[in-house]
Amino acid sequence: MGKKKTRFETEVIHSGYQPDEHQDSLVPPLYQTSTFTFGSAEQGEKRFAGQEEGFIYSRLGNPTVKILEDRIAVLEQGEAGLAFSSGMAAVSAVLVALTKSGDHILCSQGVYGCTFGLLELLKEKYAINHDFSLMDSMEAIEQEILPNTACIYIETPINPTMKLVDLEMVASVANKKGIPVVIDNTFCSPYLQTPLTLGCDVVIHSATKYICGHGDVIAGLVVGKKDFIRQVSRTTQKDIGGIISPFDAWLLLRGLKTLPVRLDRHCENALKLFNFMKRHPKIDKVYFPGDPEHPDYSIAAKQMKQPGGLISFTIKGTKETAQQFMDQLQLIKIAVSLGDAETLIQHPATMTHAVVPEEERRKMGITNTLLRLSVGLEAWEDIQEDLEQALEKI
Ligand SMILES: *Cc1c(COP(=O)(O)O)cnc(C)c1O
């Protein structure tokens with residue numbers, strides 16, 4: 001008898017875990033152990049040879065981590081999952097697995113600052129080149145794919161300008177050419193967007209953000225086809241070693257249970273604050289996928305369940321005006337990261353994207369007055385009042 005297929009809100013709580021396999025513990029136990037004992041020398045030999053199922057050493061696999069990996073695979077509707085010590089450990093393990101010296105990566109115009117740094121490193125050390133593309137038409141992508149393009153790498157919504165990439169469109173071009181499409185789904189989480197169902201091949205998360213949701217873990221997750229996940233697990237994960245600790249996996253399993261409940265509130269608050277910001281005379285532009293005037297509004301409506309909990313905006317004035325505004329905030333905390341219960345604000349040009357050269361930043365639309373707000377779970381009225389009082393003072 002097959003297990004009854006249940007809905008997302010149920011899967012975040014139950015999938016990948018069977019209490020009767022773990023002493024009937026309601027909550028997944030924390031297997032805080034570095035290694036596992038073998039009953040005999042022969043059993044050890046068989047486990048290493050892959051002839052017998054079972055755990056060996058926690059860098060190669062751990063029961064608590066395995067529950068998390070199985071759960072994220074279900075949530076992203078993929079075949080298998082893999083957990084990492086950080087989002088960047090996940091990004092680097094995937095990119096190193098998919099490329100070799102002399103290859104090319106086609107990227108969305110605008111990626112996370114450290115992903116940009118990694119792409120530069122791959123270029124300098126291993127001659128793996130990359131180009132940035134607006135990915136706004138099939139013809140453009142077809143032209144930008146080179147004979148040595150090994151993968152397409154996308155963020156959508158793009159951090160921090162909230163431009164969107166039509167995943168179904170990009171995947172249709174890439175699938176024809178047999179090029180894998182990798183997507184960083186951190187800003188959406190699987191609750192708002194499931195790229196594998198749109199034809200993408202690999203999903204990456206900085207689980208540090210919405211998946212954890214409580215600002216107390218740094219971790220990464222990857223979901224894809226079984227063969228690909230096995231390859232990453234046995235090469236770039238095992239031999240480079242960016243694995244998650246069992247305790248962090250346990251915290252993520254706990255955080256995941258409330259993902260839909262939290263995100264509904266993040267999105268609800270963000271929409272209210274967007275409407276306030278859009279009309280404020282001291283705010284210039286507001287970037288939010290839920291804005292009907294957003295150029296990619298139709299893409300958002302097509303591929304995202306809700307527009308998300310992040311809003312970027314520009315303050316009228318200079319870099320100093322933007323910084324003065326941040327310094328006046330009382331409830332809202334100045335911090336990078338996102339997806340926490342606390343509302344956070346950051347200044348991309350001097351913080352998350354400071355490593356990106358100014359010329360590239362301009363192309364990504366990151367000006368000196370741009371700020372990114374990660375809307376938290378506080379009462380929206382309190383967040384709005386804090387923004388209001390700080391705006392009054394500049
Ligand atoms: C934070 C973030 C990362 C990096 O994740 P870490 O967990 O900090 O290593 C990658 N991509 C996006 C979009 C992020 O927001």
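Along the sequence shown, residues carry numbers from 1. Numbering of ligands and ligand atoms starts at 1, following listing order.
At the top of the distance list for atom 1 (C) of ligand 1, counting protein heavy atoms only, stands Lys209 NZ, 1.4 Å. Ser206 OG, 2.9 Å is the protein heavy atom nearest to atom 5 (O) of ligand 1. The nearest protein atom to atom 7 (O) of ligand 1, hydrogens excluded, is given as Thr208 OG1, 2.7 Å; this is a heavy-atom distance. Atom 4 (C) of ligand 1 has Tyr112 CE2, 3.4 Å as its closest protein atom, hydrogens excluded (heavy atom only).
Note: an N/O pair closer than 3.5 Å links Met88 and ligand 1 by distance alone.
A distance of 9.0 Å separates CG of Leu82 from CZ of Phe228, quoted to the nearest 0.5 Å. To the nearest 0.5 Å, the span separating OG1 on Thr369 from NZ on Lys319 amounts to 12.0 Å.
For His353 and Phe116, the ring centers sit 6.0 Å or farther from each other. Between His130 and Tyr153, a ring centre-to-centre spacing not shorter than 6.0 Å is recorded.
Within the 4.5 Å cutoff, the side chain of Gln109 has no heavy atoms near those of the Met135 side chain. Inter-residue side-chain proximity for Gln237 and Phe84 is flagged as met; some heavy-atom pair is nearer than 4.5 Å.
Atoms of ligand 1 lying under 4.0 Å from any heavy atom of Ala219, numbered from 1 in the order shown and given with element: 7 (O). The atoms of ligand 1 that sit less than 4.0 Å from any heavy atom of Gly87 are 5 (O), 6 (P), 7 (O), 9 (O).
Checking Asp184, Asn185, Ile204 against atom 11 (N) of ligand 1, the nearest heavy atom belongs to Asp184.
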